[in-house]
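Below, read A as the first sequence line, B as the second, and so on, with proteins coming before strands; counting in each chain starts at 1. What you are looking at is a predicted structure, and each value in this text was computed from that prediction instead of being measured.
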There are 4 protein chains.
Amino acid sequence: MGERGRPKGASGEESRALLLEIAAKEFAQNGYHDTKVSSIVKAASLSQPTFYLYFKNKDAIFEELENLFRLRMIDFAKKSRLQPALEQATVKERIIYNVKELLVFFSKNPNLTRIGFYLSTKADEIKAQMVKQIKENLDFEVDAGYFRKNLDTQTVAECLIGIIERLTFIQLLPQKKQPQEIATDIVDLLIEGMLNREK
Amino acid sequence: MGERGRPKGASGEESRALLLEIAAKEFAQNGYHDTKVSSIVKAASLSQPTFYLYFKNKDAIFEELENLFRLRMIDFAKKSRLQPALEQATVKERIIYNVKELLVFFSKNPNLTRIGFYLSTKADEIKAQMVKQIKENLDFEVDAGYFRKNLDTQTVAECLIGIIERLTFIQLLPQKKQPQEIATDIVDLLIEGMLNREK
Amino acid sequence: MGERGRPKGASGEESRALLLEIAAKEFAQNGYHDTKVSSIVKAASLSQPTFYLYFKNKDAIFEELENLFRLRMIDFAKKSRLQPALEQATVKERIIYNVKELLVFFSKNPNLTRIGFYLSTKADEIKAQMVKQIKENLDFEVDAGYFRKNLDTQTVAECLIGIIERLTFIQLLPQKKQPQEIATDIVDLLIEGMLNREK
Amino acid sequence: MGERGRPKGASGEESRALLLEIAAKEFAQNGYHDTKVSSIVKAASLSQPTFYLYFKNKDAIFEELENLFRLRMIDFAKKSRLQPALEQATVKERIIYNVKELLVFFSKNPNLTRIGFYLSTKADEIKAQMVKQIKENLDFEVDAGYFRKNLDTQTVAECLIGIIERLTFIQLLPQKKQPQEIATDIVDLLIEGMLNREK
DNA sequence: AATGAATGAGACTTCATTCAT
DNA sequence: TATGAATGAAGTCTCATTCAT
């Protein structure tokens, strides 16, 4: 994306950002162990010592990417909460909207997503956090009488995350479906269920 | 197999099986790269050359475990199909039963499950296979009028796998819930949906 | 010193001892930093991984040599104390004997001596220990009236160690003088002083 | 030299002197290898290229410090010889004075002393030079009948250097004793000996 | 059936040093 | 006078794998 063949004395920040970007790609593609510092720097047309100019070690750059993902997820969560902009929309529409926004973020940051959602040892933690928040929202809807009282919201939240994870990797990142479509699919299924209620 | 009480150095098959079992545990616990051949053989009280007596290399033992999982999954699939024992049961009960059986298998083989369902590069393939089969079953139920006609069975199957995966790692393997309970939760949610239909 | 060209499958202990011996020589000759693991193993006709088979890391082998020196010094100290074999000898003769024995040990272990007495960061500690013991002996002789009452035994002990150190590196290890001769020189000087008392 | 209050970037000489001073401290504290060019310049608030503006390489700055020590020692030697100011003093007093002056120099230049007397590969050479000169002085005193004829002046000189070295590092630099005190201790011991000559 | 001993290959990391401005 | 950016060279260490018995 950046202009190929940076000038020799590029700004340090540029080199750093480049390394970060390439590392994200490599980690996402090959995992932590099969991503070598040597291959990162080669892809960046830099030397190994340069890598250590900007990152303490291989672990550190990975952690930085993990954190980047986590922070963006937190931002995302905040934004979600602050967005009663769809006041008049139905509950379903709002949920679809939120899921869609999450998927949009994932599709815009596929490498980071793969790292933070799959490779990171902290992935479980991050997902647990998301589950917690979803559950809180669901509890609210249950109280409001929108969802049935006997719903195990904790489990529903876990299921939602499981679904999002799978569809992200199987449909979204390979660009087989759009965020909107996937979000609709998911929410529709979970809310309506599968039963044929005609007649 | 037969424990003929060999005085020393157990039969070759025994050593092999021991290595396989220990490797499964280590891989499941630490992942592929952080599982060292040296630690496997140490845990088995054997030497490194012995390892290579039974397995071509580290990759080979991992693949063998992957295949073990896959074969057992195929066995499982067959058994499922051959089991019209619940003929009279409702569709929902049958589905719950099948999911439960799968979870029982997972909970009895936690290491293999972690390997085949999470660590293996072939995990996607295996899951895809499962999705395919689930979809076929669902299509049948839709035709039978049990599920609504406009159901995207492919996506439902994907969702089901995503849910199973998550609940397996988050509830089943940590032994927070029993297979039956989890299966019921899942199927109930997917079939009934979340809506409060009272009025 | 060992037979050149050990057989391939040498006993592990032999390889270990060989590495230790060669390392001692290299450290003594070139210091810690200028001694490379690669040069140690090359001199031992072994490969680098073999080094790590027997020693945790470069530091560890150096520490082992330090400790070897320290332990031998402690042995030496014990032996010195347990040796009233020279009962009838004069105080001066006994001191000469002890210094000589120390120098004999040094001359038999030149590499270890250079390491433990010069290169080691623990050298100061070891010397301090020796000073302490010498001081105790001197205090005893002073009480016995052999040495003058106003002698600062602590400082004398420090001086003795300083002298021993210098003469060890300047005369003993380069084999310019024998232990007996050096010991006599030192003790004679310190006890008699330099003054011309004739007249 | 002149502090003309240059607004920014001090005069070259100042930077050079600063580097030299800091390097001395770091070398003295951490030894040659554990002193990094990077840490020297950081302590001087300068950049690495600036270091190479003033010194050919790391070795060069170390050598310069070695030489500084050597030159000052030579100055010191000259001053000693040119100082018959104590004409009427006894031989002992004169020797004490000289030793004290040396120690004063050491205590005023602790870093340089540690470098030139301990770390430098030329330390042996420097000490040998000092020994030579001390020996010449001693020979003179022997001829003058002040010291006993059978004195091995070469060895006495070696001993004196050994003692000075040890007491410098153990008492002087840690500021446990003053130059005067140490000088008196040393000379008194060497001249008078340890014997109790009362009767 | 088993292993004590050893190693090729390669990863990560550091440091003195230089280029271009 | 000074430096931001970069690197060649080299060292330590690890790991899967094999040799010879």
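Contact annotation: D/Ser47 side-chain N/O to F/dA2 OP1/OP2 distance is not under 4.0 Å. For E/dA6, one of the phosphate oxygens OP1 or OP2 lies less than 4.0 angstrom from a side-chain nitrogen or oxygen of C/Tyr54. Of the side-chain N and O atoms in D/Ser15, none sit less than 4.0 angstrom from OP1 or OP2 of F/dT1.
A donor-acceptor pair under 3.5 Å links the side-chain atoms of A/Asn57 to the main chain of A/Ala60, judged by distance alone. Side chain of D/Lys122 to backbone of D/Glu66: no donor-acceptor contact under 3.5 angstrom is found. At least one donor-acceptor pair under 3.5 Å links the side chain of C/Thr35 to the backbone N or O of C/Gly31.
Closest approach of B/Tyr118 to A/Tyr118, counting heavy atoms only: O-OH, 3.3 Å.
Rounded to a whole Å, the NZ atom of C/Lys56 is 12 Å from the C1' atom of F/dT14. Here the C1' atom of nucleotide E/dT13 and the NZ atom of D/Lys36 are 12 Å apart, to the nearest Å. Atom-to-atom, CZ of A/Arg16 to C1' of F/dA6 comes out at 16 Å; the value is rounded to the nearest Å. Between D/Asn57 atom CG and F/dA9 atom P the separation is 17 Å, expressed in whole Å. The distance between atom NZ of B/Lys42 and atom P of F/dC15, rounded to the nearest whole Å, is 11 Å. Look at CZ on B/Phe62: it is 14 Å from P on F/dA16, rounded to the nearest Å. Taking atom CD1 of D/Ile40 as the reference point, atom P of E/dC15 lies 13 Å away to the nearest angstrom. Atoms CG (D/Leu18) and C1' (F/dA2) sit 14 Å apart, rounded to a whole Å.
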**Request:** Kindly express the pairing pattern of DNA chain E in dot-bracket notation, using | wherever a base pairs with another strand and counting only Watson-Crick or G-U pairs under 3.5 Å.
**Result:** .||||||||||||||||||||

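The A/Tyr52 side chain lies nearest to E/dT13 when the options are F/dT18, F/dA16, E/dT13. Side-chain proximity of C/Ser11 to F/dA16, E/dA5, E/dC12: nearest is E/dA5. Set against F/dG11, F/dT7, E/dA16, the side chain of D/Lys58 has E/dA16 as its closest nucleotide.
Of the inter-residue distances, the one linking C/Ile40 atom CD1 with C/Phe55 atom CZ reads 8.5 Å to the nearest 0.5 angstrom.
Using a 4.0 Å cut-off on heavy atoms, none of the residues of residues 23-34 of chain B approach DNA chain F.
Annotation: side chain of B/Glu63 is in contact with side chain of B/Asp59 (closest heavy-atom distance under 4.5 Å). In this structure, A/Gln48 and A/Lys42 have side chains that are not in contact, with every pair of non-hydrogen atoms separated by 4.5 Å or more. Counting heavy atoms from C-beta outward, B/Phe106 and B/Met73 have side chains that approach closer than 4.5 Å.
Side-chain N/O atoms of B/Ser39 and B/Glu26 include a donor and acceptor closer than 3.5 Å. Side-chain N/O atoms of C/Asn111 and C/Arg114 include no donor and acceptor closer than 3.5 Å.
Of the two residues near DNA chain E, B/Gln48 and D/Pro49, the one whose nearest nucleotide lies more 5' is B/Gln48. Between D/Thr35 and C/Phe51, the one whose closest nucleotide on DNA chain E sits nearer the 5' end is C/Phe51. When the nearest nucleotides of DNA chain F are assigned to A/Leu53 and D/Leu46 by heavy-atom distance, the more 5′-ward of the two goes with D/Leu46.
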